[in-house]
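Right, one structure below, let's go through it.
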Amino acid sequence: MSPALRCVLRLRVFLLVSVALSVIPRLAAEPLPLKRAVELALSHCTTAVAASADEQRVFASYREARNQYIPQLVVGSGLGKSWGFPLSLEGAAPSILNVNSQSTIFNPATRDFVRAAKTDWAASTVQGKDQRNQVIQDTVLSYAELSKWENLVAHLQEEHAAALKTEQLVGERIKEGVDNPQMQNKAHLTTARLRLRLAEAQGAIDVIRTRLSHLTGLPASGIETVPESMPALPEVKQEDDLASQAVRTSPAVQAAESRATAESFRARGEHRAMLPSADFAAQYGLLARYNNYDEFFKTFQRHNATVGVVLRFPFWSPSQRARAEAADATALKAKKDAEAARNQVSEETLRLQRSVEQMAAAQEVADLEYKVAQSNVESLEVRLGAGTVGWHDLQDAREQSNERYSALQDANFELERARITLLRATGELQSWLGVRQ
């Protein structure tokens, strides 16, 4: 068996193995529509779950601040033996049973702190929405990129099969003395390049499937895209004021503004801590004779209770004044951070809007270049049949066509990425997918 024939047989075996490895996972996989992938990601992804947990934490902090107006009950006992005068145990008279209750009636500082906690809760809700949008964007982009690589693999497999046939034909022409023996190496180089691209594409597919598996909770081998399930992306008009729309709807801007409002409430609360306040207080105690109460007081009564209002009139507190000044600085910083967030969202949205036009132009150029390269291949195939060109000319044209096809797939994906990112910036990502808020 000649070396050329052995080479062709090895290449055929490699092609069959690569095709089998790419087909076997698909046989076990089930089609996964884009909307279903996004729904699974929202319910499974650690980022979305962490955002929900953070909302619950902040809401619990708000309830903690608000419930200061609800009386708190503490039941306990101060059992102990007294020798001489009944001294107190941890600030309370010795007793068999004691019940304490306390709550805020009027406190300007507490009122502002409750407002700050409520505003923080609103900010966490908006921040959670932004994180969910991030999960949706990551899922959609991974899905689109996986679809791109799957299409590219199918194209490369066809080209690889054609390259194997060409290599076999070149070997036969060399035997017949038609072509130069060096043409065998060139044909083999073309096949090797296609094999390299196939390996790169398959590696990218495995990585992206693993990423989608982490997002959705599905096994990586069970993920197969359905390109038709992706809705058509809306056209982007350059004359629209998308930057202003993004600033109005951006969860990041809303969260920053809510945090600034919360810090202003806290700063005002720290200043109002120097104002008068009133608390409700009540106490009940069941006393015992062995604590010598009857020896030091005229009368002894087992059941005792006190109900009243505790008034406080802060007069001088340098530490509180310093705390209020620090809160003012924090509130000013939060306000400037909100302004910076608005500016950043506006600039980023405008950049995305302009980049969509550039990506669309680049995609059109890539599409035309591929069509020209493919037309050149078809023309050379006809001329090859007429005997006016050689196989090496057709091989060069096919290599160029493959490069143009890969560039076209990359341009299509980059355009999709820019449009999807712009949809998130303008707050239209969920409505585009048809996913509930």
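Two residues are said to be in side-chain contact when any heavy atoms from C-beta on lie closer than 4.5 Å; D410 and K148 meet this criterion. Contact annotation: the side chain of L146 approaches that of I223 to within less than 4.5 Å [non-hydrogen atoms, C-beta and beyond]. The shortest distance between side-chain heavy atoms of H44 and L215 does not fall below 4.5 Å. L198 places a side-chain heavy atom less than 4.5 Å from the side chain of V153. In this structure the side chain of V307 reaches within 4.5 angstrom of the side chain of F280, judged on heavy atoms. You'll find the side chain of F265 stays beyond 4.5 Å of the side chain of V114, heavy atoms only. Within the 4.5 Å cutoff, no side-chain heavy atoms of E263 are placed close to those of D120. In this structure the side chain of E295 never reaches within 4.5 angstrom of the side chain of F300, judged on heavy atoms.
With hydrogens and angles disregarded, no donor-acceptor distance shorter than 3.5 Å links the side chain of Y370 to the backbone of S406. At distances below 3.5 Å, not a single donor-acceptor pair connects side-chain atoms of Q430 with backbone N or O atoms of I136. Panel note: side chain T306, backbone Q283; no donor-acceptor pair is recorded below 3.5 Å. Side-chain atoms of D367 never come within 3.5 Å of backbone atoms of Q363 as a donor-acceptor pair (strictly under, hydrogens ignored). A donor-acceptor contact shorter than 3.5 Å links the side chain of T421 to the backbone of R417. Formation of a donor-acceptor pair under 3.5 Å by the N412 side chain with backbone atoms of L408 is found in this model. Side-chain atoms of N291 come within 3.5 Å of backbone N or O of G80 as a donor-acceptor pair. In terms of modelled atom types and a separation under 3.5 Å, the side chain of N107 and the main chain of S277 share no donor-acceptor contact. With S103 contributing its side chain and I70 its backbone, the two residues share no donor-acceptor pair below 3.5 Å. Looking at W121, its side chain never comes within 3.5 Å of a backbone N or O of A60 through a donor-acceptor pair.
Using a 4.0 Å cut-off between a side-chain N of Lys or Arg and a carboxylate O of Asp or Glu, E403 and R193 do not qualify as a salt bridge. The pair R272-D112 meets the salt-bridge criterion, with a side-chain N (NZ, NE, NH1 or NH2) lying under 4.0 Å from an Asp/Glu carboxylate O. Ion pairing between R354 and E357 fails under the 4.0 Å rule for side-chain N and carboxylate O.
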Review point. Yes or no on side chain to side chain contact (heavy atoms under 4.5 Å, CB included) for S355 and L352, after CA distance, side-chain angles and deciding distance?
Key: CA-CA 5 Å; S355 68; L352 285 171; 4.3 Å; yes
Check your understanding: What do the steps show when you test Q320 against R323 for side chain to side chain donor-acceptor pair (under 3.5 Å), and what is the final call?
Key -> CA-CA 5 Å; Q320 180 59 39; R323 189 180 299 113; 2.4 Å; yes
Check your understanding: What's the verdict on salt bridge (charged side-chain N to carboxylate O under 4.0 Å, His left out) for E200 and R197, showing C-alpha distance, side-chain angles and the deciding distance?
Key -> CA-CA 5 Å; E200 293 174 348; R197 291 178 183 174; over 6 Å; no
Check your understanding: Between T191 and L164, does a side chain to side chain contact (heavy atoms under 4.5 Å, CB included) hold up when you go through it step by step?
Key -> CA-CA 7 Å; T191 307; L164 286 175; 3.7 Å; yes
Exercise for review: Any chance you could lay out the salt bridge (charged side-chain N to carboxylate O under 4.0 Å, His left out) test for E235 and R419, step after step, and finish with the verdict?
Suggested key: CA-CA 9 Å; E235 294 295 329; R419 287 182 173 178; 3.5 Å; yes
Practice item. Might you work through the salt bridge (charged side-chain N to carboxylate O under 4.0 Å, His left out) test for E257 and R342, ending with a clear yes or no? Key: CA-CA 9 Å; E257 291 176 345; R342 286 193 294 270; 2.9 Å; yes
Practice item. Take D279 and R312, measure what salt bridge (charged side-chain N to carboxylate O under 4.0 Å, His left out) needs, and give me the verdict at the end. Key: CA-CA 9 Å; D279 293 341; R312 295 184 179 87; 2.4 Å; yes
Practice item. Tell me, with the steps shown, if T47 and Q134 meet side chain to side chain contact (heavy atoms under 4.5 Å, CB included). Key: CA-CA 9 Å; T47 303; Q134 181 65 52; 5.8 Å; no
Practice item. Could you go through the side chain to side chain contact (heavy atoms under 4.5 Å, CB included) check for H214 and R211 one step at a time? Key: CA-CA 5 Å; H214 293 161; R211 187 192 312 158; 5.6 Å; no
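Distance CD1/I208 to CD/E150: 9.0 Å, rounded to 0.5 Å. Between the NE2 atom in H155 and the OG atom in S401 there is a gap of 5.5 Å [rounded to 0.5 Å]. One finds the CZ atom of R302 at 11.0 Å from the CG atom of L97 (value rounded to the nearest 0.5 Å). Going from atom OH of Y290 over to atom CH2 of W83 covers 11.0 Å, rounded to the nearest 0.5 Å. Atom CZ of residue R351 and atom CG of residue L422 lie 10.0 Å apart, to the nearest 0.5 angstrom. Between the CD1 atom of I105 and the OH atom of Y69 there is a distance of 11.0 Å, given to the nearest 0.5 Å.
Here the shortest heavy-atom pairing between R266 and A116 reads CG-CB, 3.5 Å. Summarising the geometry of L42 relative to R132, their closest heavy-atom pair is CD2-O, 3.8 Å, with the distance given to 0.1 Å. What you find for P94 and Y293 is that their closest heavy atoms are O-OH, 2.7 Å. Of all heavy-atom pairs between N98 and G78, the closest is ND2-N, 3.6 Å. For the residue pair N133 and P251, the shortest heavy atom distance occurs at ND2-CG, 4.0 Å. Pairing each heavy atom of A37 with each of T216, the nearest pair is O-CG2, 3.5 Å.
The number of heavy-atom neighbours closer than 6.0 Å to CD of Q344, taken from other residues, nucleotides and ligands shown, is 12 or below. Open room surrounds NZ on K237; 12 or fewer heavy atoms of other groups in view lie less than 6.0 Å from it.
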